[in-house]
Amino acid sequence: MTATPALTAPLGLLAELTHRCPLGCPYCSNPIALDQRSSELDTAAWARVFREAAGLGVLQVHLSGGEPAARRDLEDIVKAARDAGLYSNLITSAVGVTTERLQALADAGLDHVQISIQDSDQQSADHIAGYRGATARKRALAAEVVRLGLPLTVNVVVHRANIGRVEAMVDLARGLGAGRVEIAHVQYYGWALKNRAALMPSREQVELAVADVERLREKHHGRIVIDAVVPDYYARFPKPCVGGWGRRSLNVTPAGKVLPCHAAEVIPDLEFWNVREHSLGDIWRSSPAFNAFRGTDWMQEPCRSCALKDKDFGGCRCQAFLIAGDARAADPVCHLSPHHSLVADLAAIREDVPYSYRHS
Ligand code: FES
């Protein structure tokens, strides 16, 4: 007998306002084929999406990209989020956000800012970003965020080139006035897959970094929150990717497609609905893509009989497809997966080759 999974309310909406971005980060997880500016949703469409999201129970909207500041109507979009009653978080590279622009965004009701940092070492950071002078702009914007009294999170994507400087990066985040720092190991989706061998750290590096995070959490307890996104390829258990498919969050692409996760388009034959043709509520409840991996009925062994299946939800569907070739398979990161050895094989491929930068 198949049980219909109970529908939970989504809590977060990732609004990918544009794929345009001034940086060229080799670990970009956006898809290889980017949405063009001419296909982007307009302000009114985003305002409607935000109202519908709030009606569904969404509490937070993450204004992301690309670089959201590439949108001239970003202030109106922020105001629309505020009018809908959503807590808004601007996820920015800081490049292209002037002091005046930040003030205007704060006036429009922006609640929180997240700035990405590529490294604590300035030369390395600019090299990773593929943009000379990026670090100076990030520091300047962080100072403005703090001056305006907005909460600040610093996000650092960790990989072979910077993984030995976790402590320095946490110190940098503290120095910038962040209340939270995310140490996020690269997730190999989208463009990042092109650079996997150049980005992949060794197991020893990962183990040291994980230990660093634990030590730094104790050291800085009460002063800064340290979030960590696990380094998948050296794990024994998979992460509960996106909190479970179709359970907690939605992604809306610049062109209006609604995805259960950021990378979902890598899975062939999924049918994604678009906010131009459907309400967000309809999409959440009824779109084929959202229902494809809800609950546990879609699972195969070893997930089907696993005691953890309601905790990790079989891991990441996108990774299962990319590595095992089957989106219904257990995430190969899991040591019980028959494909687990493939993950170790991929992690062993590490090459000091120049990055393939992303230019959008
Ligand atoms: Fe798609 Fe994990 S990134 S389910």
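It should be emphasised that the depicted structure is a prediction, and the values quoted were computed from it without experimental measurement. Atoms within a ligand are numbered from 1 in the order they appear, just like the ligands themselves. Only this structure's heavy atoms are used, side chains among them; waters, hydrogens and symmetry mates stay out.
For Pro31, the side-chain contact (heavy atoms from CB on, under 4.5 Å) criterion is met by His19, Glu265, not counting sequence neighbours. Looking at residues two or more places apart in sequence or on another chain, you find no side-chain hydrogen bond (donor to acceptor under 3.5 Å, both in side chains) involving Ser287.
In this model, a donor atom of one side chain and an acceptor atom of the other lie less than 3.5 Å apart for His62 and Gln60.
Counting only residues at least two apart or in different chains, salt bridge (charged side-chain N to carboxylate O under 4.0 Å, His left out) contacts with residues 225-240 comprise Arg180-Asp227, Asp232-Lys239.
Here the side chain of Asp212 pairs no donor or acceptor atom with the backbone of Val166 at under 3.5 angstrom.
Ordered by chain and number, Cys241 SG, Cys316 SG make up the set of protein N, O or S atoms under 2.8 Å of atom 2 (Fe) of ligand 1.
In summary, the aromatic rings of Phe293 and Phe313 are positioned with their centroids too far apart to meet the 6.0 Å limit.
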